[in-house]
Amino acid sequence: FNAGSLTNVKQSANGTITLAGKLQRSMVAVVLMVAFAALAAVVISSVVTARRTLSAIEARQTEALAMRGRIVGEATAQALSSLAADNAYSDIDRLLARVVQWDDMFVLAAYLTPNGTVWSYAGPGPVDVDKQERWRALGLPLAGGVSGEARATIDGAPALIRQVPVRVD
């Protein structure tokens with residue numbers, strides 16, 4: 001074995017690959033593997049950080065939406081109770097229409113009975129269809145006569161449903 005013959009010769013005269021050529025290819029392969037491993041580590045770290053940030057933003061937005069729903073729902077329920085006591089059905093319809101006018105994902109309904117019969121409805125759906133049918137078409141989860149909150153999908157978009165009972169005194 002002659003170490004001096006390995007320094008500048010990559011391939012011998014008969015076409016076989018020398019030890020120096022194998023060493024160079026091995027070094028290039030190791031460097032590339034380390035580079036790809038480092039790149040993969042950075043990508044994975046970025047994805048994990050982005051998911052955490054997105055989850056934090058989603059939690060804050062959901063809480064803000066829930067708070068807005070609670071405030072508007074309770075205020076609307078108070079207004080509906082006084083209108084219901086006065087039998088002002090058309091005023092109830094107008095009130096609900098105004099509340100949802102600025103946000104098409106805001107669905108409100110007032111019930112006469114705990115079985116889910118809609119008294120007044122304003123929200124998604126064609127206006128030429130009966131309000132009871134439009135409400136049933138949404139297929140939202142409800143609990144009769146209690147306050148509550150649920151997540152649902154309306155027309156393919158996520159929605160936060162806030163239910164507040166109307167008490168007529």
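Bear in mind the structure is a predicted one, so any value in this text is a computation, not a measurement.
- A distance of 8.5 Å separates OG in S82 from CD1 in I92, rounded to the nearest 0.5 Å.
- Between D91 atom CG and L95 atom CG the span is 8.5 Å, to the nearest 0.5 Å.
- Rounded to the nearest 0.5 Å, atoms CZ (R94) and CG (L83) are 9.5 Å apart.
- Among residue pairs with one or both ends in residues 46-67, those qualifying as side chain to side chain donor-acceptor pair (under 3.5 Å) are E63-R70; sequence neighbours excluded.
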